[in-house]
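Here is the structure we will look at.
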Amino acid sequence: MPRFPQLAGVATAALALGALAAAPSPGPGPTLSHPRIVAHFDFAAGQTPENIALEPDGSADLTFAFARQVANVTRHGDTRILATLPAEAHPNTPIVQAAIVLGIARAHDGTLYVNYATGTSRTGIWRIAPDGSRPVQIARLPEDGLPNGLALDERRGVLYAADSVLGTVWRVPQEGGRPVAWARGTALDPVPGGSGFGVNGLKVHHDAVWVSNTDRGSLLRIPVRPDGSAGRIETRATGLDGIDDFGFVGRRGDTLLAALNTDSEVALVRPDGSHTIVLTRREGLSNPTSVAVRDRLVYVPSAAYFTMKDPNLLLAHLNQHHGR
């Protein structure tokens, strides 16, 4: 496994994921209990878990950003490497200047899709087959961009990728092919003079694409029109400074849990836009990057981009399961 280069530079690059976490707001909603770290990873080896997809058995598939790997981690913490993206001799990725694996999505047949950012022609969406064969690039994305969050809509047969630098949501056929700039706008852009990271996390939920904007601390909803085009961008929450990726609580409502990276917190965000901090560094968070929810179990990977200590995977129980 390659050593993790330029650790101080990685901390600077982690501005992709936040500024200062917002103050909590009071209000009802689910609570979390029994948080526990189930797996610890090797920061020096680039095992910085950036994004997560869940398997039917409850294990988690994680992208190790700077190791260029995808790993499977059981609920007991057993870890195995599923795939390694090809090395890039001269990476030129905006801001991070390194080849990194970011968003991940899983199809029902076990196929995994990941975003790989290199600053070269390898930048794009890659497919990892369940049989363990080598990852294959299925779509090229702009070399001067940074594809971050990724989601799959199998009903429509499309993938959506959030480009944090170019402020664009790309749409790509699930089988691969030419990307289409599906959504653009100021709400998706980085803030001038900010970290350089705009639209970041991405989920498909209730006939809409939901995204976060790290620089703007916002949560946005983009309706998918009947013809598949993007509707008007709606702001659903603000004041979530440092927001990275997120996961919805249940299938019916719009309550979600969002990773606030820099201050090592997870926020419960309600449909009215208010939020409450429900996990902190006291529970073991170390710059969390994403959240996944399966029934009454919450998964939170931490990449330790700023702390440079103890990248890990935390599990917690979800109580008062509203929003199903």
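Numbers for residues simply follow the sequence, beginning at 1.
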Starting from the C-alpha separation in whole Å, work towards a yes-or-no answer on side chain to side chain contact (heavy atoms under 4.5 Å, CB included) for T168 and W182. CA-CA 7 Å; T168 301; W182 184 75; over 6 Å; no
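- Here the closest heavy-atom approach between residue A65 and residue E50 is recorded as CB-CB, 4.0 Å.
- Side-chain contact of N72 with S59: a donor-acceptor pair under 3.5 Å is present, judged by distance alone.
- The number of heavy-atom neighbours closer than 6.0 Å to CZ of R281, taken from other residues, nucleotides and ligands shown, is above 12.
- Side-chain contact between L62 and N51: absent, with no pair of heavy atoms (C-beta onward) separated by less than 4.5 Å.
- Following chains of ILVMFWY side-chain contacts shorter than 4.5 Å, one cannot reach L152 starting from Y116, and the two form parts of different hydrophobic clusters.
- L150 and Y113 make their closest contact through CD2-O, 3.3 Å (heavy atoms, listed as atom of the first residue, atom of the second, distance).
- Contact of the V211 side chain with the L188 side chain is registered, since non-hydrogen atoms from C-beta on lie closer than 4.5 Å.
- Closest of all the heavy-atom pairs between Q174 and I138 is O-CD1, 3.7 Å.
- Judged purely by atom type and a 3.5 angstrom limit, T74 uses its side chain to pair as donor or acceptor with the backbone of D78.
- One side chain, T214 or N200, offers a donor N or O that lies under 3.5 Å from an acceptor on the other.
- Considering only heavy atoms from C-beta on, L257 stays 4.5 Å or farther from V269 through its side chain.
- The distance from the CG atom of N312 to the CD1 atom of I37 is 3.5 Å, given to the nearest 0.5 Å.
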Worked verdict on V165 versus I95 for side chain to side chain contact (heavy atoms under 4.5 Å, CB included): CA-CA 9 Å; V165 169; I95 301 178; 4.2 Å; yes
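- Considering all non-hydrogen atoms of both residues, A53 and R106 come closest at CB-CB, 4.1 Å.
- The line from CD of E55 to CZ of R294 is 8.5 Å long, rounded to the nearest 0.5 Å.
- With contacts defined as side-chain heavy-atom distances shorter than 4.5 Å, the pair L260/L240 qualifies.
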Side chain to side chain contact (heavy atoms under 4.5 Å, CB included) for V298 and V291? Distances and angles first, verdict last. CA-CA 7 Å; V298 176; V291 180; 4.0 Å; yes
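- Put simply, CZ on R36 and CZ on R75 are 9.0 Å apart, with the number rounded to the nearest 0.5 Å.
- Between N115 and I125 the shortest side-chain heavy-atom distance falls below 4.5 Å.
- A donor-acceptor contact closer than 3.5 angstrom is absent between the side chains of T280 and E265.
- Looking at every heavy atom in both residues, L202 comes nearest to G149 through CB-C, 4.2 Å.
- The residues D207 and R156 are annotated as salt-bridged, a charged nitrogen and a carboxylate oxygen being separated by less than 4.0 angstrom.
- With contacts defined as side-chain heavy-atom distances shorter than 4.5 Å, the pair V101/W126 does not qualify.
- In this structure, a donor-acceptor pair under 3.5 Å is absent between the side chains of D244 and T289.
- Residues S218 and I243 are not in side-chain contact: their nearest non-hydrogen atoms beyond the backbone lie 4.5 Å or more apart.
- The aromatic rings of F248 and H205 sit parallel to each other, their planes meeting at less than 30°, with 60° as the upper class boundary.
- Across A71 and F64, no two heavy atoms sit closer than the pair CB-CE1, 3.6 Å.
- I128 contributes atom CD1, which lies 6.0 Å from atom CD1 of I104 (distance to the nearest 0.5 angstrom).
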With side chain to side chain contact (heavy atoms under 4.5 Å, CB included) as the criterion, how do L315 and L297 come out once you've worked through the C-alpha distance, each side chain's angles and the decisive distance to 0.1 Å? CA-CA 7 Å; L315 268 61; L297 199 58; 3.8 Å; yes
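- Not one N or O on the side chain of S212 forms a donor-acceptor pair closer than 3.5 Å with the backbone of L219.
- Between K203 and D245 there is a salt bridge, since a side-chain N of the basic residue sits under 4.0 Å from a carboxylate O of the acidic one.
- Between atom CG of residue D254 and atom CG of residue D272 there is a gap of 11.0 Å, rounded to the nearest 0.5 Å.
- The CG atom of N213 lies 12.0 Å from the OG1 atom of T238; values are rounded to the nearest 0.5 Å.
- A cation-pi arrangement is present between R184 and W170, with the terminal nitrogen or guanidinium carbon under 6.0 Å from the aromatic centre and inside a 45° cone about the axis.
- Using a 4.5 Å heavy-atom cutoff, the side chains of L318 and L32 are in contact.
- In the hydrophobic cluster analysis, where Ile, Leu, Val, Met, Phe, Trp and Tyr join through side-chain heavy atoms closer than 4.5 angstrom, V70 is grouped apart from I52.
- Inspection of the T118 and R122 side chains reveals no N or O donor paired with an N or O acceptor under 3.5 Å.
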